[in-house]
Protein chains: 2
Amino acid sequence: MQNPPKTLPELKAIVAERYSSLSKRLAQVAQYLLDNPDEIAFGTVAVISKDAGVHPSTLVRFANTFGYSGFSEMQGLFQQELLQDTPSYQERIRLAQQEMHDEGTVQEPHLLNQFVSANTKALEHLAQSVPLRDMERAIDILVNAKATYIVGVRRAFVVSTYFSYALQHIDRRAYLIDGVGGMYKEQASTMMAEDALIAISFYPYADETQNVVVSAIDKKVPLILITDSSLSPLASIAEVCFVVKEAEVHTFRSLSTLLCLAQSLAIGLAYRLENQQKN
Amino acid sequence: MQNPPKTLPELKAIVAERYSSLSKRLAQVAQYLLDNPDEIAFGTVAVISKDAGVHPSTLVRFANTFGYSGFSEMQGLFQQELLQDTPSYQERIRLAQQEMHDEGTVQEPHLLNQFVSANTKALEHLAQSVPLRDMERAIDILVNAKATYIVGVRRAFVVSTYFSYALQHIDRRAYLIDGVGGMYKEQASTMMAEDALIAISFYPYADETQNVVVSAIDKKVPLILITDSSLSPLASIAEVCFVVKEAEVHTFRSLSTLLCLAQSLAIGLAYRLENQQKN
DNA sequence: TAATTTATAGAATAAACGTTCTAAATTTAC
DNA sequence: GTAAATTTAGAACGTTTATTCTATAAATTA
């Protein structure tokens, strides 16, 4: 190796390329290097090697393998990268917009930026608008539920699958009512009063979801509702109701805040269960 | 001096304030410190002192004067500053923490707030790290695809369902390979070279997903991969590869940024199709 | 101006640094 | 299954590190 990469992106590319042919320990370093560039920029050989779980000399060998005289030389790339003016997020948006203006052509700003902006705002709104009390009540219900059923269609189905995944992840009985084989009714029929139902429903409030909820209410199954309006037809019969305003970009509704809420509920539940176990 | 500043902006403010009452050499250091923060972040005492035209020990005295145990402690602030992603984010965290402090009660911050913080940060990172070019290439592939297959299991399944929903929403043929009835192979068997495959795969890289991808590659189906590391086993064979770092709160990985990316792709595709139609 | 305080530079020090060399361990090849 | 080659961890290396201590220089005060 004679021509070591001169910039971090180049190095990363080459490391990724050669990764599969690296020995065990060198691969370990490669992994760490790609995942924790910041640590490498500031850390010492001793600290980094410990953190990456390899011997200090392995770092030097790694650097040598990629053509550097030693670890320090390679480390320089990581420092260099950090020094490159990383303009703040807002500034980048501003620059992008200005660039658009300058070019004269009416083109889209980087779509990702629009989404990030929109979702960030929506997330902040979420934190402000959801009462802590509702979170606690919802978690109460989930703690006491022998099983948790989840229903939601189309866009809401995405959130349903997350709930299903997350709850099973923390060893809760979760049943996703997905209507496979057109069996909404059948899947919902095993719900009992000591269970719980999480329903996610947005305008235009699909009948499938409504029907499942109604049959649950008949059986006195407590309902946690996640919806887009406090005037949603199910809002009044829900034990707990979360009203979530999603970000919207060019008429496309987002899901980030919903997922964020779902996660918070799942982890809140996990905590509660842990604490119960201790006592 | 007992309470040294904990952030670089604070330190800078105090240095400026006390500047006029500093001795000759300390003032020299102050000058240098305010002008060359980056050098201080990475340099050694020897290098910095030489560059600033003072004796090495002067740097230590300077740090002591402002309440630090030594130069290294003060240097930490300069490093920290370089790591900070965006001022806006940092400020939010700081304010939130201060608010907590003001209340007097030392309590766990509202879970939702933790998530919002983590997700916000991850979102901003996403916008910076995903190259516009990759977005365009991915959209190119999706535009040209007669049908789009989507595969992802467990956590990634949530994202898959979103893709499936979003693509069908804009009248694209989208086939979700969900493995219902254990038919991963069968569902994947109808893929053809003029289609496209979106695969979402995270460590520990499920076999189900791998198998589907391999059979797609055999048929020359272009692959758009969304994964968590550029060292992912599928990364090297993908046409386009998005590496997404998800937010993490108490070992629970988030999905917000993934959804954000998915949305951006879907809407980017929708736009492109609209524009094509016009021409 | 002399005395006293304060600030400085230099020497000294021990700890930590990155690196090299070597023997052991592991993998690969036959 | 043995031999060769590669990879590894460990010890040892000379440097460099940040810091402390101290004699000297400068500034301040009386």
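We name chains A, B, ... by the order of the sequence lines, and we start the count at 1 in each one.
For the pair Arg155(B) and Tyr162(A), the cation-pi criterion (under 6.0 Å, within 45° of the ring axis) is not fulfilled. Under the 6.0 Å distance and 45° angle rule, Arg18(A) counts as a cation-pi partner of Phe66(A).
You'll find that the side chain of Val60(B) is closest to dT19(D), out of dT19(D), dT8(C), dA9(D). Checked against dG10(D), dT19(D), dT8(C), the side chain of Ser23(B) finds its nearest nucleotide in dT8(C).
Distance, Leu59(A) CG to dA9(D) P: 11 Å, rounded to whole Å. Distance, His55(B) NE2 to dT8(C) P: 12 Å, rounded to whole Å. Separating the CD atom of Gln75(B) from the P atom of dA18(D) is a distance of 7 Å, rounded to the nearest angstrom. Atom CG in Leu26(B) sits about 14 Å away from atom C1' in dA27(D), given to the nearest Å. Note: CZ (Phe62(A)) to C1' (dT20(C)) measures 19 Å, nearest angstrom. Summarising the geometry, the separation between CZ on Phe71(B) and C1' on dT20(D) is reported as 17 Å, rounded to the nearest angstrom. Separating the NZ atom of Lys50(A) from the C1' atom of dA9(D) is a distance of 17 Å, rounded to the nearest angstrom. Remark: P of dA25(C) and NZ of Lys24(A) are 14 Å apart, rounded to the nearest angstrom.
DNA chain C is contacted by both Val47(A) and Ser69(A); Val47(A) maps to the nucleotide lying nearer its 5′ end (nearest heavy atom per residue). Along DNA chain D, the nucleotide nearest Gly43(B) and the nucleotide nearest Gly53(A) are compared for position; the residue whose nucleotide lies closer to the 5' end is Gly53(A).
A donor atom on one side chain and an acceptor atom on the other are found under 3.5 Å apart for Glu10(A) and Thr7(A). Between the side chains of Ser236(B) and Tyr19(A), no donor-acceptor pair is found at a separation under 3.5 Å.
Using a 30° and 60° split on the angle between ring planes, Phe42(A) and Phe42(B) fall in the parallel class, below 30°.
Using a 4.0 Å heavy-atom criterion, one finds that Ser72(A) contacts the sugar-phosphate atoms exclusively. Base contact: Ser57(B) has a heavy atom under 4.0 Å from a base atom.
Under 4.0 angstrom from either OP1 or OP2 of dT8(C) there lies at least one side-chain N or O belonging to Arg61(B). Here Thr44(A) reaches the OP1 or OP2 of dC17(C): one of its side-chain N or O atoms lies under 4.0 Å away.
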